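What follows is a set of notes on a single structure, which appears directly below.
All residue numbers in this chain count up from 1 along the given sequence. These numbers were taken from a predicted model, which means no experiment stands behind them.
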Amino acid sequence: MRDGFRGTIHATPGTFELCKILLPDSAHLQEEDAAFANRHGTSKHKPALPLYTGQDAADSLTRFKTRDFDEPFELASGVRATLHRAGHVLGAAFLRIETPEGTLTFTGDLGRPNDPLMNPPALPAATDYLVTESTYGDRVHPQVDPEQELANAIHPALARGGAVIIPAFAVGRTQTLLLLLARLKAKGTVPDAPVFVDSPMAVDATALYQKFHHEHRIGDDECRRMCSSASMVTTPEGSKELDRRKGPMIILSASGMATGGRVVHHLKAFAPDERNLILLAGFQAAGTRGAALAGGATTLRMHGQEVPIRAEVAQLKSSSAHADSSELIAWLGGLPSQPRRTFITHGEPGASDALRQRIERELHWTAEVPEHLSTHELV
């Protein structure tokens, strides 16, 4: 970004509103992490630098142009594009491009048909060329009631007076968990312990769910209950105060894979106590602290220290916002006709190839997994 982005970014209004929150906040977190590393000498880089700055984020926001769902717009002479609902997070879209030579569809991240919060992905139109994601191309999500799974995970920890620390993505996962927690507390299924959202990014993003009601499936009253079900922590002082509290309580904090942000401080404070619970709320990429926790790590390096992990560690299996292999196949099967070529991207090599095999076996399409940096002539 420091070289300067000069193009136009087309996005739905919901996506643009999220980017106005996410980009500056993400830049601020990176600047804070770099400053912390420089103060305490915890980085191998001298000096540690953020990937991008607040000014970089502000500059990029001037390049956005908002586009409504399902309304074609011109990219160039004879080339039109349309954004359709992808159902992944607020504002998420898949893209269909029309040219005189043919049509091309990029799925991006696709959501799930029965997500508790988000509407399902729109049905795809016919396309000549298809580029599809494959995040979960090699697995099927377990058929588990997300409310019950969450209740089963947190009830024992809260009952023994523990703190539940949930590393959660600021957009999508935090709001889904808030919805489930609000429903569980309304039913009396879990103890009425205080809930805190400790992420300025997540706090601002949660408010947008009231503004963009057409983007999700819950009604006005339940949306208000979801948004008011937790105390919103925005200041560093408020975040530090949480680490001095005792349970029972629930803290949702970014980042979702514990790679940075305020949740790292909470893990340092609460991981050494066996009464507490670290609840991983989604996929944990290899090499992240979240993956180490999921793998049974007994210590975790945070801010230059080895912190013992004595707290219980659990991982939710039902809360993914990504379509699984069968859901991807079902969505692709909704195309009115077979694309001329199908490319499988956006997944680990094994997941991409597994989806390729399912597409060829079940849909009888020709599909391929492009090599990194490879080029393909379509017409």
Side-chain angles (χ1 to χ4, degrees), residues 9-23 64-73 75 80-98 103-137 139-141 146 169-176 179 205-206 208-209 211-218 256 282-283 318-336 339 342-347 351-352 355 359 363 367:
I9 306 170
H10 299 279
T12 64
T15 296
F16 178 55
E17 291 297 325
L18 282 173
C19 286
K20 286 165 63 177
I21 296 168
L22 300 181
L23 287 174
F64 277 77
K65 188 172 183 64
T66 58
R67 304 292 187 179
D68 289 332
F69 284 114
D70 305 322
E71 293 189 8
F73 56 93
L75 288 176
R80 298 198 313 168
T82 309
L83 298 172
H84 301 283
R85 286 180 177 81
H88 177 56
V89 294
L90 200 71
F94 66 88
L95 174 68
R96 186 172 186 270
I97 298 175
E98 302 170 78
T103 54
L104 174 66
T105 299
F106 293 88
T107 68
D109 288 330
L110 285 175
R112 307 183 65 185
N114 299 307
D115 187 85
L117 180 57
M118 296 303 301
N119 288 317
L123 294 176
T127 189
D128 294 307
Y129 304 99
L130 175 69
V131 182
T132 179
E133 69 128 315
S134 57
T135 306
Y136 286 108
R139 70 198 76 176
V140 175
H141 299 314
F169 302 117
V171 179
R173 194 60 45 82
T174 292
Q175 291 75 35
T176 298
L179 174 64
T206 300
L208 290 180
Y209 280 74
K211 180 177 180 179
F212 292 95
H213 276 281
H214 60 285
E215 293 289 329
H216 54 74
R217 64 170 78 236
I218 61 174
F283 174 74
S318 64
S319 62
S320 177
H322 280 276
D324 66 17
S325 179
S326 293
E327 290 162 346
L328 286 171
I329 290 292
W331 187 86
L332 295 171
L335 280 164
T342 297
F343 300 95
I344 303 163
T345 62
H346 195 77
S352 296
L355 184 62
I359 289 173
L363 300 179

**Request:** Walk me through it: do Thr342 and Leu363 pass the test side chain to side chain contact (heavy atoms under 4.5 Å, CB included)?
**Result:** CA-CA 11 Å; Thr342 297; Leu363 300 179; over 6 Å; no
**Prompt:** What distance separates Arg67 CZ from Thr15 OG1, expressed to the nearest 0.5 Å?
**Reply:** 14.0 Å
**Message:** The criterion is side chain to side chain contact (heavy atoms under 4.5 Å, CB included); which residues satisfy it with Ala126, sequence neighbours excluded?
**Reply:** Pro336, Ser337
**Asked** Taking only residues two or more places apart in sequence, or in another chain, which ones meet Tyr136 in a ring-ring contact (aromatic ring centres under 6.0 Å, His included)?
**Response** His141, His322
**Complete:** Looking only at heavy atoms, the pair that brings Arg96 and Ala125 closest together is NE-CB, 3.8 Å
**Asked** With a 4.5 Å limit on heavy-atom distance, are the side chains of Leu83 and Phe73 in contact?
**Response** yes
**Item:** side chain to side chain contact (heavy atoms under 4.5 Å, CB included) partners of Ile21, counting only residues at least two apart
**Value:** Met201, Asp204, Leu208
**Item:** Pairs flagged by salt bridge (charged side-chain N to carboxylate O under 4.0 Å, His left out) wherever residues 118-132 is involved - sequence neighbours left out
**Value:** none
**Prompt:** Under a 4.5 Å cut-off applied to non-hydrogen side-chain atoms, are Leu130 and Leu332 in contact?
**Reply:** yes
**Item:** Donor-acceptor contact present, side-chain Ser326 to main-chain Val140, <3.5 Å
**Value:** no
**Message:** Less than 4.5 Å apart, side chain to side chain, heavy atoms only: is that true for Ile329 and Leu355?
**Reply:** yes
**Gap separating the CD1 atom of Ile218 from the CG atom of Asn119, nearest 0.5 angstrom** = 10.5 Å
**Asked** Of all heavy-atom pairs between Phe94 and Ala122, which one has the smallest distance, and what is that distance?
**Response** CE2-O, 3.7 Å
**Request:** Would you check if Glu17 and Leu90 make a side-chain contact, meaning some heavy-atom pair closer than 4.5 Å?
**Result:** no
**Asked** Quick one: ring-ring contact (aromatic ring centres under 6.0 Å, His included) partners of Phe69, sequence neighbours excluded?
**Response** none
**Request:** Give, for atom OG1 of Thr174 and atom OH of Tyr209, the distance between the pair rounded to the nearest 0.5 Å.
**Result:** 9.0 Å
**Prompt:** Could you go step by step and tell me if Leu95 and His10 meet the side chain to side chain contact (heavy atoms under 4.5 Å, CB included) rule?
**Reply:** CA-CA 10 Å; Leu95 174 68; His10 299 279; over 6 Å; no
**Request:** Would you please test Trp331 and Thr132 for side chain to side chain contact (heavy atoms under 4.5 Å, CB included) and show each step?
**Result:** CA-CA 11 Å; Trp331 187 86; Thr132 179; 5.6 Å; no
**Prompt:** When you measure from the side chain of Ser134 to the backbone N and O of Ala351, does any donor-acceptor pair fall under 3.5 Å?
**Reply:** no
**Message:** For Val89, give me all partners under side chain to side chain contact (heavy atoms under 4.5 Å, CB included), at least two apart in sequence or on another chain.
**Reply:** Ala92, Val171
**Complete:** What one should report as the nearest heavy-atom pair of Ala170 and Ala205 is O-CB, 4.0 Å
**Asked** Who passes ring-ring contact (aromatic ring centres under 6.0 Å, His included) against Phe283, sequence neighbours left out?
**Response** none
**Request:** Please identify each residue that fulfils side chain to side chain contact (heavy atoms under 4.5 Å, CB included) with Leu123, with sequence neighbours left out.
**Result:** none
**Request:** Would you indicate whether the side-chain heavy atoms of Asp68 and Pro13 approach each other to under 4.5 Å?
**Result:** yes
**Asked** Where is the tightest heavy-atom contact between Leu110 and Pro121, given as atom of each residue plus distance?
**Response** CD2-CB, 4.2 Å
**Message:** Holding to salt bridge (charged side-chain N to carboxylate O under 4.0 Å, His left out), I want the full list of residues that pass it with Arg80, two or more places apart in sequence or in another chain.
**Reply:** Glu98
**Item:** With sequence neighbours excluded, residues passing side chain to side chain donor-acceptor pair (under 3.5 Å) with Thr345
**Value:** none
**Message:** Do Phe106 and Ile97 have side chains that approach each other closer than 4.5 Å (heavy atoms only, starting at C-beta)?
**Reply:** yes
**Request:** Sequence neighbours left out, what pairs pass salt bridge (charged side-chain N to carboxylate O under 4.0 Å, His left out) with at least one residue falling in residues 107-117?
**Result:** Arg112-Glu327
**Asked** Of the non-hydrogen atoms in Leu117 and His216, which two are nearest, and what is the gap between them?
**Response** O-CB, 3.1 Å
**Asked** How far does CD1 of Ile359 sit from CG of Leu328, to the nearest 0.5 angstrom?
**Response** 8.0 Å
**Message:** Tell me the closest heavy-atom pair linking Ala93 and Thr12, and the distance in Å.
**Reply:** CB-CG2, 4.2 Å
**Complete:** For residues 82-93, the side-chain hydrogen bond (donor to acceptor under 3.5 Å, both in side chains) pairs (sequence neighbours left out) are Asp70-His84
